[in-house]
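The next block holds one structure in the form of structure tokens; read it before the comments.
FYI, side chains are in, hydrogens and waters are out, and symmetry mates aren't considered; it's all heavy atoms of this structure. The sequence lines fix the lettering, A, B, ..., with proteins before strands; numbering per chain opens at 1.
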2 protein chains.
Amino acid sequence: MSLCPKVEKAMQLLGKRWTGLVVKQLLDGPQRFSEIKAGFPISGKLLTERLKELEDEGIVTRKVYAEVPVRVEYRLTEKGRALQAVIGEIEHWAHDWMEIKEQAQLN
Amino acid sequence: MSLCPKVEKAMQLLGKRWTGLVVKQLLDGPQRFSEIKAGFPISGKLLTERLKELEDEGIVTRKVYAEVPVRVEYRLTEKGRALQAVIGEIEHWAHDWMEIKEQAQLN
DNA sequence: TATATTAGGTTACGAAACGTAACAAAAAAC
DNA sequence: GTTTTTTGTTACGTTTCGTAACCTAATATA
């Protein structure tokens, strides 16, 4: 049985650096560029690129407020919010199975 | 609220090219190197690398059969099988929301 | 007029990840 | 000794990524 192209495309999208975290961050509600950026150590260049990809996929919408200085808000579409189930399962699995090495292990 | 390190690590792992597909493939049962490789267009070099990372994380085990020629079988651990829920949700979301552009669009 | 301020990018450039293709190991068959 | 087969490994060129400098636009300040 060969791999479903929809699934392959989804894997290809989520299998990109930072994409999952950007979506997870936006699940907490609409946020501006600088707020997303503050959530984890992504570079501005890559965040721009990832948001553009997510916008092209119909997962995120971009809204510009012509204030001074400009404010740009990103929010999930219905398609984007549907990813909550995926992110939720990743969090669930991580809490059950992931181990983190402490920065100062004794003995 | 800051990002849970376990979740961040999980995202970092699954947010690598091919990792999700390798796990998905192994959910169908133990498979040898060449079988996994045939499932999608990953290079041998990267498949070696990804399998080593998954082994280091305790998600996959590697078993060598000293036959001629050698046979190497990879299988998911309990931690790896627990990713079934994540992969399942990705497949679910993909079927509900992903659009695939046809190779020859009429109009 | 000129300069400063600020968010959200964009660009140039070096570093890391990736893809391709040639090669290596090992053991048995010929 | 040569061939065959699977599972890698290495060399090398391409793409992606990270860092830091720069740009834009509107307003405030000097």
Q | d(CD1, B:I42; P, C:dT20) in whole Å | A |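 The distance from CD1 of B:I42 to P of C:dT20 comes to 11 Å, rounded to the nearest Å.
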Q: Measure from CG on A:L47 to C1' on C:dA7 and round the result to the nearest Å.
A: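 My rounded result for the distance is 13 Å.
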(Q) Does B:E78, at its CD atom, have more than 12 non-hydrogen atoms belonging to other residues, nucleotides or ligands within less than 6.0 Å? (A)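 Atom CD in B:E78 is not packed in, count stays at 12 or less.
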Q. More than 12 heavy atoms of other residues, nucleotides or ligands under 6.0 Å from CD of A:Q31: is that the case?
A.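 Yes, the 6.0 Å shell around CD holds more than 12 heavy atoms from other groups.
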Q: Return the angle between end axes of the helix from C:dT1-D:dA30 to C:dC30-D:dG1, with five pairs used per end and rounding to 10°.
A: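 Nearest ten degrees gives 30° for this helix.
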**Q.** B:V7 vs A:H95, side-chain contact (heavy atoms from CB on, under 4.5 Å): CA-CA, chis, key distance, verdict
**A.** CA-CA 7 Å; B:V7 174; A:H95 285 121; 4.1 Å; yes
Is there a donor-acceptor pair under 3.5 Å between the side chain of [X] and the backbone N or O of [Y]?
X	Y	result
A:W97	A:H92	no
A:W93	B:G80	no
A:K6	B:D96	no

(Q) Is any side-chain heavy atom of B:L51 closer than 4.5 Å to one of B:R62? (A)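 A side-chain contact is absent here, since even the closest heavy-atom pair is not under 4.5 Å.
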Q | Note: B:R50-B:E53 ion pair, threshold 4.0 Å (strictly below) | A |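 Looking at B:E53 together with B:R50, the answer is yes, because their closest N to O distance falls below 4.0 Å.
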**Q.** Start and end of the DNA chain D segment that chain A contacts, any atom under 4.0 Å from a heavy atom
**A.**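 That gives a stretch of D:dC17 to D:dT27.
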Q. Do the rings of B:F40 and B:W18 sit parallel, tilted or perpendicular, given the 30° and 60° boundaries?
A.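 Plane angle under 30°, so parallel.
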Q: Answer with base, sugar-phosphate or nothing: what part of the nucleic acid does A:S43 contact at a heavy-atom distance below 4.0 Å?
A: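 Base contact.
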Q.
Before you tell me yes or no, could you show the steps for B:V22 and B:Y74 under side-chain contact (heavy atoms from CB on, under 4.5 Å), namely the whole-Å CA-CA distance, both residues' side-chain angles and the distance that decides it to 0.1 Å?
A. CA-CA 10 Å; B:V22 170; B:Y74 291 91; over 6 Å; no
Check the interface with nucleotides 9-17 of chain C: list each N/O to N/O pair with the protein under 3.5 Å, or write none.
from: C:dG9; atom 1: OP1; to: A:R62; atom 2: NH2; distance (Å): 2.5
from: C:dG9; atom 1: OP2; to: A:Y74; atom 2: OH; distance (Å): 2.6
from: C:dT10; atom 1: OP2; to: A:K52; atom 2: NZ; distance (Å): 3.3

